[in-house]
Amino acid sequence: MWPDRRLIDLFRTEFPIVLAPMAGAMDAELVIAAAQGGALGSLPCALLSVEKAREQVNVIRQRVSAPLNMNFFCHRTVAADPAREAAWKQRLAPFYREYGLDPAAPINAANRAPFDAAMCDLVEELKPEIASFHFGLPDAALLARVKSAGCKVMSSATTVKEAIWLEEHGADIVIAQGAEAGGHRGMFLTENIGEQPGTFALVPQVVDAVKVPVVAAGGIADGRGIAAAFALGAAGAQIGTAYLRCPESKVFAPARTVLAQARDDSTVITNVLTGRPARAVVNRVMREIGAVWPDAPPFPHAATGLAPLKAAAEKQGKVDFTSLWAGQAVRLGREMPAAELTRALAGAALARLSRLAG
Ligand SMILES: Cc1cc2nc3c(=O)[nH]c(=O)nc-3n(C[C@H](O)[C@H](O)[C@H](O)COP(=O)(O)O)c2cc1C
């Protein structure tokens, strides 16, 4: 009944729907629930230690018999620049004072580490059916090991040029991530946010440019969006924001309230939360210092300066410094168990596709 079965055959899932990996917003619970509903569950590992990632995968394997995607960041590490860090702290100093914090106190180093040999050992040990990457691909030797472990490899492209690069460097599936998407832009061959195409423009052009199956991502939150992705030539959809309000996500209560009230114009692309462009609902720090600050420390160091503020504000139930990652279709999100949501999304997409065919 699906117009394109390539992903279903590759993933061996019931539906051509991928629960997007969402670092910081979810763990094994959401993966299990979405997989039980028939989607490909993705475990975000960017913020996890090797031990924690192993523990999470074991929980998933014990609770559900379904294919699994392990997701990693593969950015190039940039050493912290003391002058930029100091300027950033200076910029944040009024907030530190307001919360009674000492801007000069040392902070633990940023914890968003790129995929490395130790994580690769873990992939070889656990053999997830799929491994997906954000910000390009790991270097050739590591990628060869991932593929030898039997994983199919996916990565996000935000332009046609990136999609071609990913295919040429070994991706088995390309995720076309349009500008509507929540969370970090997967961009890795450009730094120009202004050039980033939206999903509707990006997907058909990526489909024309590569031979591997394309997964559409960004702003897809209901059956209409999934049907549109197929109409544009995609073989499936990766969906993040629409799952954020499921009871199995790890979004804390005040952030859930913000997401429930957000509208089509509530999100913007910002670099001040981590140092890399990402789409989020506007929070206080973005509002007061501006969503884009050219001198913000490079990824992930901007997050380090915000960490004590985030912790102090969250203790008071405030999201002033919390990364409220979400895409432009946040308004379409529903508060519903993830298995049920997955089946509802698939059912609505199939109904829409058959109506359009008739
Ligand atoms: C809260 C949140 C966290 C995200 N974290 C990751 C991540 O850890 N790894 C990744 O590859 N993509 C991440 N993304 C991006 C998603 O993979 C995907 O591109 C996006 O969710 C699709 O757009 P949508 O949110 O409009 O559905 C994140 C997105 C959100 C909303």
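Just follow the structure's listing: the first ligand is 1, and inside any ligand the first atom is 1.
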Margin query: Please report whether ligand 1 has a polar contact with H134, defined as an N or O pair separated by less than 3.5 Å (distance criterion only).
Written below: yes

Side-chain touch N69/M154, heavy atoms, less than 4.5 angstrom: yes

| said: Is it the case that the side chain of Q205 and the backbone of A201 share a donor-acceptor pair, with hydrogens and angles ignored and the cut-off at 3.5 Å? | reply: yes

Using a 3.5 Å cut-off on N or O atoms only, is S156 in polar contact with ligand 1? no

Given the options E180, R279, Q328, T267 meets side chain to side chain donor-acceptor pair (under 3.5 Å) only with R279

Would you say A217 has any N or O atom under 3.5 Å from an N or O of ligand 1, going by distance alone? no

Q) So, is Q328 polar-close to ligand 1, with some N/O to N/O distance under 3.5 Å? A) no

If you compare C45, A329, A23 by their heavy atoms, the one closest to atom 8 (O) of ligand 1 turns out to be A23

Looking only at protein heavy atoms, what sits closest to atom 21 (O) of ligand 1 is G240 CA, 3.5 Å

Side chains of R185 and I269, heavy atoms from C-beta outward: is any pair under 4.5 Å? yes

Problem - Side-chain (S249) to main-chain (L244) donor-acceptor, under 3.5 angstrom - result: yes

For E340, is there an ion pair with R343 - N to carboxylate O distance below 4.0 angstrom?
no

Before we go on, tell me: are the rings of F299 and H75 under 6.0 Å apart, centre to centre? yes

Margin query: Is it the case that the ring center of F188 lies less than 6.0 angstrom away from the ring center of F135?
Written below: no

Short N or O distance, T241 and ligand 1, threshold 3.5 Å exclusive
yes

Ligand 1 to A20, heavy atom cutoff 4.0 Å, flagged ligand atoms 16 (C), 17 (O), 21 (O)

- Query: Is it true that A242 lies under 4.0 Å from ligand 1, counting heavy atoms only?
  - Reply: no

Residue, atom and distance of the protein heavy atom nearest atom 26 (O) of ligand 1 read G219 N, 2.8 Å

- Message: Can you tell whether the side chains of E98 and R284 come within less than 4.0 Å, N to carboxylate O?
- Response: yes

Restricting to heavy atoms, the pick from P21, S42, G333 nearest atom 28 (C) of ligand 1 would be P21

Logged contact type for M22 with ligand 1, heavy-atom cut-off 4.0 Å, is both

Nearest non-hydrogen protein atom to atom 19 (O) of ligand 1, with distance, is Q177 NE2, 3.0 Å

Item to check | Aromatic ring proximity H301/W88, centre distance under 6.0 Å | outcome: no

Ranked by distance from atom 17 (O) of ligand 1, the top protein heavy atom is Q238 NE2, 2.9 Å

If you compare S249, A221, A181, G182 by their heavy atoms, the one closest to atom 15 (C) of ligand 1 turns out to be G182

query = With a 6.0 Å cut-off on ring centres, are F133 and F73 close enough?
reply = no

for atom 11 (O) of ligand 1, nearest protein heavy atom and its distance come out as N71 ND2, 3.1 Å

F73 near ligand 1, heavy-atom distance under 4.0 Å? yes

of all protein heavy atoms, closest to atom 1 (C) of ligand 1 is W325 CB, 3.4 Å

